[in-house]
Amino acid sequence: MRFISLAAAAFLSSAATAMAADISVCMWGTITGPDALVNGMTYGTYDYFQFLNQTQGGIEGHKVKVLLLDGRYKLDEEQKLYRRCVAEENAVFVKGWSTGAVKALRDQIQSDAVPFMTDSHASQVLDPEKMPFIFMSGATYEQQMIIGLQWLAKKDGKRVVLVHANNEYGRAPVEVVRKSGDITRLGLELVDQIEIPFDAQDLTGQVLRIKNLKPDLVYVQASTPQLLVILRDAAKVGLPANLFMGNMYNISPAIPAQLGASADGFRAIQVHSDFGADIPAMVDIKKFAETNRIEKKDPYYMKGWYEGIAMAAAIRNAVKKTGGVPDDIAAFRKSVRSEMAALKGLDTGGITPVVDYANHQGSTQARIVEIKSGAYVPISDWIDAK
């Protein structure tokens, strides 16, 4: 008969408990509120971790405890949820929503040393040296804007109007590009910069002002709800949709669905492939959909699914290195952060080109799509904004 000392038994019991420990991942989005049209990116990440739980038993044998919260696009609420995720839920990875919230939390994120995936694509929250714990999933808003302006320059356009929402998400990227000198460098002229209310219901005055300026392109740094008002009121005063271009958050089935033919010609910057695209990731999503409800079938859901792929890959590599989920959550978070930054050649199942997270944004590529007969159609290859 083999005998095990009490100390050895305690060690084995402790090790078994550690090996069986859950992994906590916490996220918030605008499940309700003024930006709910694009909240598929939160559902997509949540669903990806549930997919891992249902098909693979989690990550390396550890179930993922995944919590989805509603920040309602309210700064104070988002800050509260962040504290809950870090202090109460002991999340090893946190995913948050708005530009304003991430900018307000960026110092706290570094102090807490918790890996953070931001749904904001503002350059002000991307700095691998100063903000080593913050990651995003593609080209910044500024890079997207430059891609759009490069397209205009190649089409021999000259006059540009920049329209943006009256919040951090709207103002900050426009100011960065305006002050960078890139507009002049591309041979373009900024003829006006127009700020609109985030909760705008009527923008007739602003689109009449645009009409009088006779621009070759109006680039919109706002979200889908504001764009719907812009295009609706533009059509009323005789401005065609093909005069307008938006960023990644201006790709939504709601735009052609609500505006019909008057949306044809509108262009936007696409960072993530469409839901239903003929790509490998859709095989897993369809499998998940056999037994689960998918709330939003759009490019933002694909963004969220891809963010889940990247976050899970970093966690998986950290678990392999530590031989399980350690009790020391602070050390584990730092390990996950290191593995996230080390991700290279990560296959996202076709949602994006292959990504490298040494730059903390995975990819700097995007392409231009245009609404044609009610559907978004790519009109360019993937363009690198570097």
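As the structure is a prediction and not an experimental result, all values here were calculated from the model. Residue numbers start at 1 and run along the sequence shown.
- Between the side chains of Ser120 and Thr99, a donor-acceptor pair is found at a separation under 3.5 Å.
- Minimum heavy-atom separation, Leu346 to Ala313: CD1-CB, 4.1 Å.
- Using a 4.0 Å cut-off between a side-chain N of Lys or Arg and a carboxylate O of Asp or Glu, Arg293 and Asp47 do not qualify as a salt bridge.
- A salt bridge between Arg185 and Asp182 is present, with a side-chain N of the basic residue lying under 4.0 Å from a carboxylate O of the acidic one.
- Between the side chain of Ser363 and the main chain of Val355, no donor-acceptor pair closer than 3.5 Å is present.
- With salt bridges taken as basic N to acidic carboxylate O contacts below 4.0 Å, none links Arg316 and Glu339.
- Under the 4.5 Å side-chain heavy-atom criterion for ILVMFWY residues, no single connected hydrophobic cluster contains both Val176 and Ile194.
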Determine, step by step, whether Leu203 and Arg232 satisfy the side-chain contact (heavy atoms from CB on, under 4.5 Å) criterion, reporting the C-alpha distance in whole Å, the side-chain angles of both residues, the deciding distance to 0.1 Å, and the verdict.
CA-CA 9 Å; Leu203 295 172; Arg232 181 201 68 196; over 6 Å; no
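- Note on residues 212-246: no pairs pass ring-ring contact (aromatic ring centres under 6.0 Å, His included), not counting sequence neighbours.
- Between Ala263 and Ala241 the shortest heavy-atom distance is O-CB, 3.7 Å.
- Within a 6.0 Å sphere centred on NZ of Lys103, other residues, nucleotides and ligands contribute more than 12 heavy atoms.
- The shortest heavy-atom contact between Val102 and Trp97 is CG2-O, 4.5 Å.
- By the 4.0 Å N-to-carboxylate-O rule, Asp381 lies too far from Arg367 to be salt-bridged with it.
- Formation of a donor-acceptor pair under 3.5 Å by the Asp70 side chain with backbone atoms of Thr32 is found in this model.
- Comment: Asp119 engages Lys303 in a salt bridge, judged by a side-chain N to carboxylate O separation of less than 4.0 angstrom.
- The stretch residues 193-202 participates, sequence neighbours left out, in these side chain to side chain donor-acceptor pair (under 3.5 Å) pairs: His164-Gln193, Arg171-Glu195, Glu175-Gln193, Arg178-Gln193, Asp202-Thr204.
- Hydrophobic clustering (ILVMFWY, side-chain heavy atoms < 4.5 Å, transitive): Val271 and Ile134 are in one cluster.
- A side-chain donor-acceptor contact under 3.5 Å links Thr55 to the backbone of Phe51.
- Between His121 and Tyr249, the ring-plane angle classifies as perpendicular under the 30° and 60° cut-offs.
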Assess the residue pair Gln50 and Tyr46 against the criterion (side chain to side chain donor-acceptor pair (under 3.5 Å)); give the C-alpha distance rounded to whole Å, side-chain angles, the decisive distance to 0.1 Å, and a yes or no.
CA-CA 6 Å; Gln50 297 295 7; Tyr46 178 84; 3.0 Å; yes
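- Side-chain contact, Gln361 with Thr140: no donor N or O sits under 3.5 Å from an acceptor N or O.
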Output, in order, the C-alpha distance, side-chain angles, deciding distance and verdict of side chain to side chain donor-acceptor pair (under 3.5 Å) for Asn90 and Ser24.
CA-CA 7 Å; Asn90 287 322; Ser24 179; over 6 Å; no
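- From Tyr357, atom OH reaches atom CG of Leu343 across 8.0 Å, with rounding to the nearest 0.5 Å.
- Taking hydrophobic clusters as Ile, Leu, Val, Met, Phe, Trp and Tyr residues chained together by side-chain heavy-atom distances below 4.5 Å, Tyr376 shares a cluster with Leu259.
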Derivation of the ring pair (Phe, Tyr, Trp, His ring centres under 6.0 Å) call for Tyr73 and Phe198:
CA-CA 11 Å; Tyr73 213 107; Phe198 191 74; 5.0 Å; yes
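- The distance from atom CD1 of Ile31 to atom OG1 of Thr42, rounded to the nearest 0.5 Å, is 5.0 Å.
- Side chains of Thr364 and Gln143: no donor on one and acceptor on the other come within 3.5 Å.
- Panel note: side chain Arg337, backbone Ala113; no donor-acceptor pair is recorded below 3.5 Å.
- Once rounded to the nearest 0.5 Å, the distance linking NZ of Lys95 with SG of Cys85 reads 11.5 Å.
- The minimum heavy-atom distance between Ala318 and Val336, with the atom names listed, is CB-CG2, 3.7 Å.
- Note: the hydrophobic cluster containing Tyr48 also contains Ile315 (ILVMFWY, side chain heavy atoms under 4.5 Å, direct or indirect links).
- Linking ILVMFWY side-chain heavy atoms closer than 4.5 Å, directly or via other members, places Ile255 and Val229 in a single hydrophobic cluster.
- In terms of modelled atom types and a separation under 3.5 Å, the side chain of Thr322 and the main chain of Val325 share no donor-acceptor contact.
- Annotation for Lys334 and Phe133: closest pair CG-CZ, 4.2 Å, computed over non-hydrogen atoms.
- Using a 4.0 Å cut-off between charged nitrogen and carboxylate oxygen, Lys158 and Glu189 do not count as a salt-bridge pair.
- A donor-acceptor contact shorter than 3.5 Å is absent between the side chain of Asp298 and the backbone of Ser252.
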Using ring pair (Phe, Tyr, Trp, His ring centres under 6.0 Å), reason through Phe275 and Tyr300 one step at a time and then give a plain yes or no.
CA-CA 8 Å; Phe275 189 97; Tyr300 309 117; over 10 Å; no
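- Distance check, rounded to the nearest 0.5 Å: CD of Gln221 to CG of Leu227 gives 11.5 Å.
- With sequence neighbours excluded, no residue forms a ring pair (Phe, Tyr, Trp, His ring centres under 6.0 Å) with Phe93.
- What you find for Val64 and Val25 is that their closest heavy atoms are CG1-CG2, 3.9 Å.
- Using cut-offs of 30° and 60° for the angle between ring planes, the Tyr306 and His272 rings count as tilted.
- Under the 3.5 Å distance criterion, the side-chain polar atoms of Asp233 are left unmatched by any main-chain donor or acceptor of Lys236.
- No side-chain donor-acceptor contact under 3.5 Å links His360 to the backbone of Pro128.
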Applying side chain to side chain donor-acceptor pair (under 3.5 Å) to Thr30 and Asn39, what does each step give before you reach the verdict?
CA-CA 6 Å; Thr30 297; Asn39 63 22; over 6 Å; no
